[in-house]
Amino acid sequence: MRDLSKVPVTIVTGFLGAGKTTLISHLIRNAGGRRLAVVVNEFGTLGVDGDILQSCAIPDCPAENIVELANGCICCTVADDFIPTVERLLAMEPRPDHILIETSGLALPKPLLKAFDWPAIRSRITVDGVVALADAEAVAAGRFAPDLDAVEAQRAADPSLDHETPLSEVFEDQLACADIVLLTKADLAGPEGVAKARAIIAAEAPRPLPMVEAVDGIVSAEIVLGLEAAAEDDIAARPSHHDGADDHEHDDFDSISVMLGEVESPEAIAARIVTLAEQQDILRVKGYAAVAGKPMRLLVQAVGRRVRTNYDRPWGPGEPRGTQLVVIAEHDRIDRAAIEAVLKG
């Protein structure tokens, strides 16, 4: 039996825009009496996800229990950031009953699992489970590989093709490390899309995985918490494209932060983001905007050409009104001047 004094940790992974923050926001509000703590590993300089989650804080998960690490991938800054953060959470009174870690959408989960082997924390925490979120609509459309059968046939015919595109590798590594998969945006995918996504994931996963549909992050905490997987003890059973490498690279992706003034309307900034996705293959845009004549701050979340905006809170007294957006793309697609030109209209 595992040591019952260990605090369980759930790693929430998934591709860009799959709904990780939405899920964790729901779990914070519906934790079944658990005292939660949350660690957010943001990619880019603007801490959007941490800010969103702190706005959801409740007595069982107060704002001080929500910590953001914005200095790069957790597994690359274990000693400097991750270990001290976990130790601080474990020292809290009362101690959290459960810790949630939201990884960057670009993160490979397996190196993070290895961090739980560090002597400073191994005897005190355990990986209760790895939850991978997959956007059912995107997966059904084959966006991680245009034609999976063709890719596999090409690889089989040419032994020199020992890797796929970076996006496919990230997706497959997240599935390979998972204990359960949440199929998000199930309402957008529809029954046929969900069925197709299930088939694709089943074909890609190295072992059978339970798959649960979710809309707007709504799923029972009993389904994703309390798995008792002790995932740090079976790392070898979770294969990765990067096994055998001394380190893993993040050069495949890059991000920039763009600061603008006020925008005319939510529709105007959304249209510019759509143009950006179409012209420059931008993966993700997220941040805040100041809309002319509006007292509320506009939250902006975009995955490719799909853009969502909503007013999240009033601008604070003395808070400078402005627009701040993080733009994420594959490394060779980042052209700051071109991106800023589109966003400024």
Side-chain angles (χ1 to χ4, degrees), residues 9-16 18-20 23 73-75 101 103-117 126-136 138-184 189 193-214 219 223-224 227-250 252:
V9 176
T10 294
I11 297 173
V12 179
T13 185
F15 203 70
L16 294 165
K20 299 184 297 297
L23 170 67
C73 174
I74 291 175
C75 51
I101 298 179
T103 70
S104 157
L106 303 175
L108 303 175
K110 189 168 181 178
L112 176 56
L113 281 184
K114 294 178 180 178
F116 287 84
D117 246 350
T126 181
V127 182
D128 180 69
V130 178
V131 180
L133 275 63
D135 182 321
V139 174
R143 292 177 192 160
F144 300 102
D147 186 334
L148 293 174
D149 291 336
V151 170
E152 286 301 319
Q154 188 177 35
R155 292 180 69 202
D158 186 349
S160 69
L161 295 174
D162 59 356
H163 63 279
E164 295 185 36
T165 65
L167 299 184
S168 292
E169 289 187 2
V170 171
F171 179 63
E172 291 166 13
D173 277 16
Q174 289 172 350
L175 292 179
C177 206
D179 294 291
I180 187 171
V181 175
L182 294 189
L183 294 169
T184 63
V194 168
K196 188 173 182 180
R198 284 179 177 271
I200 291 172
I201 290 171
E204 293 293 340
R207 62 189 183 283
L209 291 173
M211 291 182 242
V212 178
E213 297 174 31
V219 63
I223 292 177
V224 294
L227 300 179
E228 299 190 0
E232 71 275 15
D233 292 332
D234 72 341
I235 292 177
R238 300 166 190 256
S240 164
H241 286 281
H242 299 77
D243 286 342
D246 292 333
D247 204 350
H248 62 284
E249 299 294 334
H250 297 276
D252 294 330

Query raised in the report: side chain to side chain contact (heavy atoms under 4.5 Å, CB included) with Pro206: which residues, sequence neighbours excluded?
Result: Ala176, Pro239
**Report entry** All side chain to side chain contact (heavy atoms under 4.5 Å, CB included) counterparts of Ala214, not counting sequence neighbours
**Finding:** none
Report summary line: Minimal heavy-atom distance between Leu133 and Leu23, with the atoms involved, is CD1-CD2, 3.8 Å
Requested in this report: Decide side-chain contact (heavy atoms from CB on, under 4.5 Å) for Phe116 and Ile235; before the verdict, give the C-alpha distance in whole Å, the side-chain angles of both, and the deciding distance to 0.1 Å.
Outcome: CA-CA 11 Å; Phe116 287 84; Ile235 292 177; over 6 Å; no
Report task. Can you sort out the partners of Ile201 under side chain to side chain contact (heavy atoms under 4.5 Å, CB included), two or more places apart, ordered by chain and number? Result -> Ala134, Val139, Phe171, Leu175, Val181, Leu183, Met211
**Report entry** With Glu232 via side-chain hydrogen bond (donor to acceptor under 3.5 Å, both in side chains) - residues at least two apart
**Finding:** Thr126
**Report entry** Side-chain (Asp128) to main-chain (Glu228) donor-acceptor, under 3.5 angstrom
**Finding:** yes
Requested in this report: Could you pull out all residues at least two apart from Ile180 that satisfy side chain to side chain contact (heavy atoms under 4.5 Å, CB included)?
Outcome: Val131, Pro210, Val212, Ile223, Leu227
**Report entry** Flag side-chain contact, heavy atom, 4.5 Å: Leu182 against Val224
**Finding:** yes
Query raised in the report: Hey, does the side chain of Lys20 reach the backbone of Gly14 with a donor-acceptor pair shorter than 3.5 angstrom?
Result: yes
Query raised in the report: Got a donor-acceptor contact below 3.5 angstrom from the Asp135 side chain to the Ala138 backbone?
Result: yes
Query - Passing option when Thr103 is tested against Val12, Thr13, Val130 for side chain to side chain contact (heavy atoms under 4.5 Å, CB included) - result: Thr13
**Report entry** Heavy-atom pair with the smallest gap, counting every atom of Leu113 and Ala231
**Finding:** CD2-CB, 4.0 Å
Query raised in the report: Which heavy-atom pair separates Arg207 from Ala237 by the least distance, and what is that distance?
Result: NH1-O, 3.7 Å
Report task. Return the minimal non-hydrogen interatomic distance between Lys110 and Arg238, and the atom names on each side. Result -> NZ-O, 2.9 Å
Report summary line: In short, Ala136 meets Ala197 closest at the heavy-atom pair O-CB, 3.7 Å
Query raised in the report: Distance-only, no hydrogens or angles: does the Thr184 side chain make a donor-acceptor pair with backbone N or O of Ala18 under 3.5 Å?
Result: yes
Query raised in the report: Ala132 and Ala178: which non-hydrogen atoms are nearest, and at how many Å?
Result: CB-CB, 3.7 Å
Report task. Could you tell me the separation between the SG atom of Cys177 and the CG atom of Leu112, rounded to the nearest 0.5 Å? Result -> 8.5 Å
